[in-house]
Trainee: 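Below is a structure I'd like to ask you about.
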Amino acid sequence: MRHEIIMSGFGGQGVLLMGQILTYAGMLEEKHVSWIPSYGPEMRGGTANCSVIITEGLAGSPMVEEPTAAVVLNLPSLDKFEAAVRVNGVLIVNSSLIDKAVKRQDIKVYHVPVNDIAIELGNLKMANMVALGALIAAIDAVEMEVLFTAFAKKFASKPQVIEANKAAINRGYDYVKKSLN
Amino acid sequence: MRHEIIMSGFGGQGVLLMGQILTYAGMLEEKHVSWIPSYGPEMRGGTANCSVIITEGLAGSPMVEEPTAAVVLNLPSLDKFEAAVRVNGVLIVNSSLIDKAVKRQDIKVYHVPVNDIAIELGNLKMANMVALGALIAAIDAVEMEVLFTAFAKKFASKPQVIEANKAAINRGYDYVKKSLN
Amino acid sequence: MAEVLFSRPKALFDIPTHYCPGCHHGIIHRLVAEVIDELGIQEKTIGVAPVGCAVLAYDYFNFDMLEAAHGRAPAVATGVKRVHPDAAVFTYQGDGDLAAIGCAEIVHAAARGEKITTIFVNNAIYGMTGGQMAPTTLVGQVTSTSPYGRNLETAGMPIRVSEMLATLDGPAFIARVAVNTPANMNKAKAAIKKAFELQLSGQGFCLVEVLSICPTNWGKTPLEAVKWLEENMVPHYPLGVYKDVQEAAK
Amino acid sequence: MAEVLFSRPKALFDIPTHYCPGCHHGIIHRLVAEVIDELGIQEKTIGVAPVGCAVLAYDYFNFDMLEAAHGRAPAVATGVKRVHPDAAVFTYQGDGDLAAIGCAEIVHAAARGEKITTIFVNNAIYGMTGGQMAPTTLVGQVTSTSPYGRNLETAGMPIRVSEMLATLDGPAFIARVAVNTPANMNKAKAAIKKAFELQLSGQGFCLVEVLSICPTNWGKTPLEAVKWLEENMVPHYPLGVYKDVQEAAK
Amino acid sequence: MPKPIFFQERCKGCALCTGACPKQLLVMSTTFNGKGYNFSTCPDDSECVGCCLCARACPDIVIEIHKE
Amino acid sequence: MPKPIFFQERCKGCALCTGACPKQLLVMSTTFNGKGYNFSTCPDDSECVGCCLCARACPDIVIEIHKE
Amino acid sequence: MSEKVLMKGNEAIAEAAVAAGCRHYFGYPITPQTEIPEYMSKRMPQVGGVFLQAESEVAAINMVYGAAGAGARVMTSSSSPGISLKQEGISYTAGAELPCLIVNIMRGGPGLGGIQPAQSDYFQATKGGGHGGYRNIVLAPNSVQEMADLTMLGFSLADQYRNPVMLLGDGVIGQMMEPVEIKENNTRAVEKPWAAVGMHGRAKPNIINSLYLKANELEDHNNRLQKKYALMRGNEMRWEEIHTQDAELILVAYGITARIAQSAIDIARENGKKAGLLRPISLWPFPEPPFVRLAKTATAFLTLELSAGQMIEDVRLATRDAKPVYFYGRTGGMIMSPMEIYQEITKILDGKEGK
Amino acid sequence: MSEKVLMKGNEAIAEAAVAAGCRHYFGYPITPQTEIPEYMSKRMPQVGGVFLQAESEVAAINMVYGAAGAGARVMTSSSSPGISLKQEGISYTAGAELPCLIVNIMRGGPGLGGIQPAQSDYFQATKGGGHGGYRNIVLAPNSVQEMADLTMLGFSLADQYRNPVMLLGDGVIGQMMEPVEIKENNTRAVEKPWAAVGMHGRAKPNIINSLYLKANELEDHNNRLQKKYALMRGNEMRWEEIHTQDAELILVAYGITARIAQSAIDIARENGKKAGLLRPISLWPFPEPPFVRLAKTATAFLTLELSAGQMIEDVRLATRDAKPVYFYGRTGGMIMSPMEIYQEITKILDGKEGK
Ligand SMILES: Cc1ncc(C[n+]2csc(CCOP(=O)(O)OP(=O)(O)O)c2C)c(N)n1
Ligand SMILES: Cc1ncc(C[n+]2csc(CCOP(=O)(O)OP(=O)(O)O)c2C)c(N)n1
Ligand code: SF4
Ligand code: SF4
Ligand code: SF4
Ligand code: SF4
Ligand code: SF4
Ligand code: SF4
Ligand SMILES: [Mg+2]
Ligand SMILES: [Mg+2]
């Protein structure tokens with residue numbers, strides 16, 4: 001399966017990092033991966049997003065136009081990417097900040113209150129990891145264990161943050177898995 | 001006849017002006033004319049020279065490689081251009097400054113003490129005009145009257161210098177014509 | 001009916017800006033616009049925008065503008081002013097734009113006594129490109145290209161532009177101001193006003209350096225940033241008038 | 001055997017220069033070479049030639065040199081010095097080269113406190129290209145691009161480079177000298193020596209501005225030119241030391 | 001009575017105005033505006049003296065000061 | 001006795017040296033050197049004090065000062 | 001002003017610009033074009049215009065940008081290294097669609113090179129030495145008269161298309177004197193309602209700009225530019241042909257090289273060799289039609305340049321490589337003589353030269 | 001350092017440069033390449049190298065000139081407008097034959113343009129945006145791995161030929177992250193006896209210079225340069241071919257466009273359409289041999305660029321116009337999708353498109 005994922009949110013919500021960790025995990029699984037951010041002044045105060053590709057086949061173009069999955073952490077992101085998601089694709093919606101209804105019927109939508117979960121876990125900054133866990137639950141792009149390894153490698157210099165974030169990833173994962181039942 | 005003339009001397013000897021006046025005269029006679037200077041740092045303290053073309057035919061290239069006539073006002077100029085003059089061509093040598101013998105046998109050489117003549121006329125600066133007169137005597141490229149007109153036009157703003165220079169041109173002309181007898 | 005004690009100046013369009021929360025660029029824009037309103041010169045003002053965070057200034061100001069190449073606003077403004085000697089021509093430039101790449105252009109516009117006004121926004125950093133070191137970055141200040149803090153040995157001391165330009169004969173007015181307090185804002189506005197007035201009366205080149213915050217790239221909240229400006233920038237960049245031909249004439 | 005009281009310094013090749021009769025470039029070359037001889041640093045000197053009449057300096061100096069693009073000698077020298085921190089690196093630049101096109105490069109080399117020495121030959125004109133106006137041309141001075149005399153209104157006042165750069169923190173030594181009299185020549189040489197010494201002891205950027213004549217483009221004999229320099233240039237460009245960290249430290 | 005009028009959707013939540021009010025009347029909201037920012041509010045404008053300092057401190061011209 | 005030694009072919013005839021000699025010993029030639037310049041000469045060097053000022057004034061290092 | 005006068009090519013440019021109503025000149029001295037700023041420094045004050053010696057070529061082109069954006073007819077001039085410095089500014093001027101005249105009187109390179117004539121900036125001028133894929137009209141005079149005439153034409157085309165126009169000369173034509181008639185101003189007067197002149201009652205500000213942060217808007221802008229360039233290609237190809245009709249060998253040369261080639265063709269014809277000259281006058285747009293036509297009748301082409309070979313690529317593209325295209329070039333300020341060219345002609349026509 | 005890491009293309013360039021022994025970086029920030037100076041500002045102090053943020057791109061390239069002339073392995077990087085500003089300096093560096101690496105991570109233009117990816121500086125890079133007719137080797141990576149590998153290669157080639165090498169990337173490859181292995185330094189160590197390092201006992205000074213005032217000497221210098229360029233043409237052409245052997249249509253693309261083209265070819269092959277990819281890796285020297293060969297077997301070429309069409313000229317020249325060469329391009333930061341390309345392929349192979 002070729003995963004083409006877009007992650008999008010406010011500048012400070014950590015979507016770029018979230019994408020990088022997923023990409024890192026894909027690399028550890030020896031898949032072909034790429035990550036590319038949107039860049040430029042629109043980042044300033046506006047939205048930030050990145051595209052991640054994880055595939056066993058040809059690397060090809062790193063650009064994602066019709067994502068197989070999208071994570072939208074705020075309203076402008078939903079507005080921007082809802083229509084783009086591929087038929088039968090996945091959309092993770094941050095229901096803590098977005099109360100607008102999703103119109104698409106031909107995709108799988110998961111409403112996850114990632115901010116609330118993160119605050120519950122004691123740190124709003126981990127909302128992105130909650131969302132990442134939720135995404136993995138929905139698309140199984142990488143193994144959870146590998147994801148943790150990726151996170152740990154990325155934060156090798158800050159081991160103290162690892163456990164909490166692992167918990168956040170797990171909480172997001174569980175939230176979606178539960179809703180799948 | 002296509003006249004291809006080189007005039008050469010020290011920076012301050014006025015060879016560029018001399019060439020311009022000849023070119024101007026050619027223009028007044030409705031011939032095709034061009035004038036082109038050597039330029040660059042070698043002018044500084046070194047030699048200056050210019051190439052003049054006067055022709056009834058095609059203007060063509062303004063560059064002169066094998067002059068039909070050359071005027072050399074100092075020794076480096078003689079060294080530089082003696083060999084270039086076309087067979088049967090004309091060489092005017094400023095004998096006031098050059099006592100080296102000319103080696104070429106296949107060209108017409110006129111030794112004219114242009115500095116001395118100019119000093120005699122009261123102004124060393126007119127040496128170039130003496131040389132110009134000498135050249136015209138040797139090659140008949142333009143009418144003397146037209147040459148005077150050209151000079152007068154060029155110095156329209158300084159009418160007081162015209163007569164003296166006319167005299168200088170005439171002296172150079174006569175000097176060569178006399179030697180032709 | 002309600003009397004309006006404070007509202008947007010005419011010379012600024014009523015649209016949101018792209019500036020980060022708290023960024024002083026917005027305040028400085030407003031002060032310029034207020035001065036243009038008060039002088040009644042909107043119709044004959046021609047602005048030159050820089051490359052920097054204020055690159056879109058032409059979207060906000062309601063008068064004719066040109067977008068200059070990075071650092072070249074003074075040259076562009078010179079071209080404009082020589083065509084329209086009666087226009088009020090000004091450049092709006094950041095510290096990277098003016099003091100780094102555009103150093104020659106500002107020095108020479110000042111030296112020529114070019115009759116233009118320059119609003120020089122010194123925020124000690126390259127805002128637009130994401131927080132690199134500027135010629136005005138303070139020693140020890142961490143930026144994305146001085147990750148260990150600006151190093152005196154390898155990068156030298158920050159340039160004091162106003163002091164440097166004040167040694168030239170061309171400038172009519174040079175002042176350094178800040179917009180961190182109401183009192184300073186008043187002084188800033190007065191300086192900007194003078195910098196336009198002296199241009200229009202043909203006295204020469206006028207520059208107002210405005211110390212400004214970049215909360216985003218300083219990694220601070222706007223209120224923290226204002227404090228940092230007061231405690232760190234003002235000591236190195238003393239506020240004041242560095243040149244004033246009018247005062248000198250008195 | 002004859003004792004030789006005065007002869008050519010080792011650091012200068014024994015060949016004729018292309019400079020015009022009387023041009024001070026020749027004297028300034030010699031002073032630089034004498035200083036290099038006296039400091040015994042010929043082997044570790046790397047010079048940077050400008051674009052200007054001194055463009056061929058590398059033909060005359062007997063040590064390694066680079067020919068820089070017009071105005072960029074300070075940037076080139078910076079590149080060299082950062083590779084060879086122990087070398088004696090200097091630029092030799094004219095007023096067009098340094099004060100016009102190379103304005104940003106000299107200001108920033110100075111501001112960075114780049115450990116190089118700059119010999120700045122101010123002859124108030126573009127010599128090499130045949131006598132155009134320089135940033136240092138005096139008001140009223142006739143040149144081939146100021147045929148009616150430099151116009152204060154349109155071209156501004158000449159820039160005093162030493163004064164301007166002295167406002168920066170990076171320079172260790174800045175002096176303006178002339179070579180018009182034996183006494184001034186001594187001072188000039190002393191300044192050049194100091195400008196090398198302070199570079200070598202790592203104090204920072206050092207610049208010596210040498211007022212110089214251009215008889216050819218000034219349209220004067222060398223002796224007239226020297227007089228013109230004394231009567232016209234020196235008053236606008238006062239000789240003296242503008243910065244000296246050593247003195248300041250005392 | 002003078003009072004501040006907020007163009008709430010323009011507010012970027014920088015809080016510069018709160019620091020500027022001599023009467024300390026301004027408070028940041030805990031909810032977000034459409035842009036996602038906490039916005040400035042004046043829960044009780046009865047003590048407003050119409051000094052306009054809040055408005056002048058605002059980089060985004062969010063505040064107008066009106067006087068009835 | 002000190003005396004100036006001229007490298008005559010290098011002289012450009014600028015006359016700066018003539019102005020520099022405190023004893024006014026130097027005189028420009030009326031003839032030309034190979035480059036076409038009048039060159040500097042010291043017709044009588046007996047009064048030369050070996051101050052080297054002429055040599056230092058010369059942009060072209062035409063003059064050496066020797067002392068027997 | 002319609003009498004012939006003897007002028008340097010550089011002076012002819014300057015005087016023609018004055019005649020064309022150009023009242024703003026910004027430049028920086030550099031050999032071999034310094035006569036242009038020098039002339040302008042004399043003339044502009046006489047006609048109430050502005051001569052400004054900028055602190056650098058970079059400043060000069062940006063002053064041009066400002067003055068053009070403010071609605072003036074404006075020019076700058078330089079030579080090779082100085083033109084390199086202007087590349088960013090030229091790209092901005094093209095991007096903001098500002099009319100102006102940029103003169104390059106080429107000298108030898110690369111680097112500081114020398115100051116003698118060359119034609120080695122052809123690529124830079126015609127392909128865009130600056131970034132971003134813009135186009136300038138490039139005109140190549142081959143006489144002092146054309147220096148004047150193409151200057152006037154240049155101002156007209158610049159205004160007509162709102163585009164920079166480059167006059168690409170060489171040191172020879174810049175420095176040489178020939179009789180020239182400075183014609184009366186024959187340029188069109190063009191309204192510039194887009195210029196930044198102050199609003200003066202206009203409802204909306206005029207903005208001079210080349211920034212389009214949104215990719216789709218920048219693409220739209222580029223598409224508009226490309227449409228304009230297609231229009232120029234359709235309308236503004238210019239060339240001259242001499243003895244091409246029966247020619248076996250077509251010499252291709254511009255500027256001074258074309259003059260020399262003409263002399264060489266004279267020699268060739270005298271010797272019974274059928275050579276002709278196709279002289280591109282507009283180097284961009286490159287005049288393709290005559291190449292297409294002559295590729296049918298001629299047996300070969302010989303491109304002559306004072307460079308190591310640049311225009312030859314356009315010759316090959318224009319002829320679609322239908323016939324062999326030979327090359328002869330000199331560099332560094334060396335100039336070929338008619339005889340040298342004649343020898344090349346002989347080699348080719350006598351079949352001694354492989355392609 | 002031989003484990004794979006996830007890096008941005010820009011970072012891979014920087015880290016590969018460090019691995020290659022580059023200890024001098026001079027640059028100026030500009031999107032989308034600012035990660036390079038930022039990375040260098042962190043790394044250089046760690047390895048005892050020099051990171052210097054210059055006052056401008058002009059200063060940066062001249063610092064490179066100085067450091068290269070002084071014998072260092074040195075680099076600079078910028079993006080389109082900044083590279084335009086470096087043109088004079090690049091010409092000097094080429095003229096003085098100084099080895100250095102110049103990185104251009106292209107963005108949309110002309111003028112200020114935008115900051116999104118583009119490939120519209122192809123002409124500037126390959127034909128010489130500067131004056132005087134020099135040549136740089138131009139390498140075009142299409143992955144983060146190649147960003148690293150071609151950086152190392154670039155330093156080797158620069159030293160080997162004493163010539164500037166340009167790494168020409170685009171915003172996508174600069175900004176994207178992929179796994180990359182920074183190889184151990186595989187560059188050759190080259191003696192630089194010509195460098196200006198101080199004489200230290202050497203008998204004659206070393207002079208770094210591009211000035212030759214005498215035309216014949218400048219021509220000699222140019223002839224030497226041209227000989228060197230011919231050598232590079234002979235030795236340094238690089239390209240990659242994918243599915244070209246049986247291909248009817250040859251897609252020609254470099255950099256990110258080649259990646260997208262590869263995806264399009266996958267789609268085409270799935271749909272039974274025989275498309276292949278010829279990817280030039282060295283843009284100069286342009287790899288002519290495969291074009292000559294494939295012009296015999298394929299029926300047409302399709303050039304794909306993020307520009308209005310620049311490399312297409314080299315494709316036509318390399319194929320000698322033997323087969324139709326089609327073009328598809330996007331500009332201004334817009335990026336074509338594999339589907340868009342596939343549609344072009346279809347149009348051509350189904351014969352719906354005139355050339
Ligand atoms: C020639 C060129 N070089 C570099 C850039 C990239 N650039 C854009 S803005 C900027 C610096 C902006 O900093 P500053 O002038 O201080 O303005 P601020 O954003 O801080 O207001 C730079 C380097 C560019 N656009 N053009
Ligand atoms: C980029 C560039 N612009 C212009 C020139 C032409 N040029 C050569 S020297 C010079 C000025 C020299 O004047 P200055 O620096 O004062 O030195 P001087 O000759 O007076 O000693 C100029 C403008 C050039 N070579 N390169
Ligand atoms: S980056 Fe800094 S200067 Fe730019 S808008 Fe944001 S706060 Fe203001
Ligand atoms: S032109 Fe002037 S500066 Fe140049 S060598 Fe001659 S006198 Fe000296
Ligand atoms: S106007 Fe003055 S008192 Fe009223 S809210 Fe604003 S700052 Fe406070
Ligand atoms: S200053 Fe303006 S933008 Fe900032 S919080 Fe107050 S009202 Fe909002
Ligand atoms: S050494 Fe002194 S005294 Fe002797 S000639 Fe020279 S200047 Fe005169
Ligand atoms: S100073 Fe030197 S060059 Fe000048 S006249 Fe005297 S000896 Fe000759
Ligand atoms: Mg800034
Ligand atoms: Mg000078």
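These numbers come from the heavy atoms of this one structure, side chains and all, not from hydrogens, waters or symmetry mates. Letters A, B, ... mirror the listed sequences (proteins, then strands); counts begin at 1.
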Trainee: By a 4.5 Å heavy-atom criterion (distance strictly below it), what part of D:Leu12 contacts chain F: side chain, backbone, both, or neither?
Mentor: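 For D:Leu12, the contact with chain F is made by the side chain alone.
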Trainee: Using non-hydrogen atoms only, which part of D:Pro9 is less than 4.5 Å away from chain F: side chain, backbone, both, or neither?
Mentor: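 Side chain of D:Pro9 only, per the 4.5 Å heavy-atom cut-off to chain F.
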Trainee: Given a strict heavy-atom distance threshold of 4.5 Å, which part of F:Ala20 is in contact with chain D: side chain, backbone, both, or neither?
Mentor: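 Contact with chain D is absent: no heavy atom of F:Ala20 under 4.5 Å.
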Trainee: Could you tell me which portion of D:Val226 (side chain, backbone, both or neither) has an atom closer than 4.5 angstrom to a non-hydrogen atom of chain F?
Mentor: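 Interface part for D:Val226: side chain.
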Trainee: Could you please spell out the steps behind the side-chain contact (heavy atoms from CB on, under 4.5 Å) verdict for D:Phe6 and F:His66?
Mentor: CA-CA 7 Å; D:Phe6 180 90; F:His66 288 201; over 6 Å; no
Trainee: Quick one: of D:Cys23, D:Ser7, D:Pro16, who has the most non-hydrogen atom pairs under 4.5 Å with chain F?
Mentor: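 Highest number of heavy-atom pairs under 4.5 Å: D:Pro16.
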Trainee: Using a 4.5 angstrom heavy-atom cutoff, name the option from F:Thr18, F:Leu53, F:Ile5 with the most pairs to chain D.
Mentor: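 Counting heavy-atom pairs under 4.5 Å, the top option is F:Leu53.
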Trainee: Should we say atom NZ of D:Lys220 is surrounded by more than 12 heavy atoms from elsewhere, each under 6.0 Å from it?
Mentor: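 More than 12 heavy atoms, drawn from other residues, nucleotides or ligands, come within 6.0 Å of this atom.
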Trainee: Look at the side chain of D:Arg30 and the backbone N and O of F:Cys58, then say whether any donor-acceptor pair between them is shorter than 3.5 Å.
Mentor: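 The answer is yes, because a donor-acceptor pair under 3.5 Å joins these two groups.
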Trainee: So which of D:Ile15, D:Asn180, D:Thr221 has the largest heavy-atom pair count under 4.5 angstrom toward chain F?
Mentor: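 Most heavy-atom pairs within the cutoff with chain F belong to D:Ile15.
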Trainee: Nearest 0.5 Å, please: how far is CG in F:Leu16 from CG in D:Leu223?
Mentor: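 Between D:Leu223 CG and F:Leu16 CG, I get 5.5 Å after rounding to 0.5 Å.
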Trainee: Quick check on the interface: out of F:Gly19, F:Ala15, F:Cys11, who has the most heavy-atom pairs with chain D under 4.5 Å?
Mentor: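 Ranked by heavy-atom pairs under 4.5 Å with chain D, first place is F:Ala15.
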Trainee: Decide yes or no for F:Pro59 and D:Tyr19: does some side-chain heavy atom of the first lie under 4.5 Å from some side-chain heavy atom of the second?
Mentor: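 When only atoms from C-beta onward are counted, D:Tyr19 and F:Pro59 do not touch, as no gap falls below 4.5 Å.
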Trainee: If you draw a 6.0 Å radius around CD in F:Gln24, do more than 12 non-hydrogen atoms from other residues or ligands fall strictly inside?
Mentor: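 No - once you tally the heavy atoms of other residues, nucleotides and ligands closer than 6.0 Å, there are 12 at most.
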Trainee: Check this for me: F:Lys3, atom NZ, are more than 12 non-hydrogen atoms of other residues, nucleotides or ligands nearer than 6.0 Å?
Mentor: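 Count not over threshold, so no.
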Trainee: More than 12 heavy atoms of other residues, nucleotides or ligands under 6.0 Å from NZ of D:Lys189: yes or no?
Mentor: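 Yes, enclosed.
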Trainee: Between the side chains of F:Arg10 and D:Asp14, is the shortest nitrogen-to-carboxylate-oxygen separation below 4.0 Å, so that they form an ion pair?
Mentor: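 A salt bridge links D:Asp14 with F:Arg10.
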Trainee: Calculate, to the nearest 0.5 Å, the distance between atoms SG and CD1 belonging to F:Cys14 and D:Ile213 respectively.
Mentor: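 With rounding to 0.5 Å, SG (F:Cys14) is 7.5 Å from CD1 (D:Ile213).
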Trainee: Could you look at F:Pro4 and say if it's the side chain, the backbone, both or neither that has a heavy atom under 4.5 Å from chain D?
Mentor: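 Neither part.
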Trainee: Looking only at non-hydrogen atoms, find the nearest pair between F:Ala57 and D:Ile27 and report the distance.
Mentor: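 Result for this residue pair: O-CD1, 3.4 Å.
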Trainee: Do D:Val4 and F:Ile65 touch side chain to side chain, with heavy atoms closer than 4.5 Å?
Mentor: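 SC-SC contact between D:Val4 and F:Ile65 ruled out.
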Trainee: Are more than 12 heavy atoms, taken from residues, nucleotides or ligands other than F:Glu47, located less than 6.0 Å from that residue's CD atom?
Mentor: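 No, because the 6.0 Å sphere around CD of F:Glu47 holds 12 heavy atoms or fewer from other groups.
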Trainee: Before you tell me yes or no, could you show the steps for F:Ile61 and D:His29 under side-chain contact (heavy atoms from CB on, under 4.5 Å), namely the whole-Å CA-CA distance, both residues' side-chain angles and the distance that decides it to 0.1 Å?
Mentor: CA-CA 11 Å; F:Ile61 320 189; D:His29 279 29; over 6 Å; no
Trainee: Can you tell which part of F:Arg56 gets under 4.5 Å to a heavy atom of chain D, answering side chain, backbone, both or neither?
Mentor: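 Looking at F:Arg56, backbone and side chain both touch chain D.
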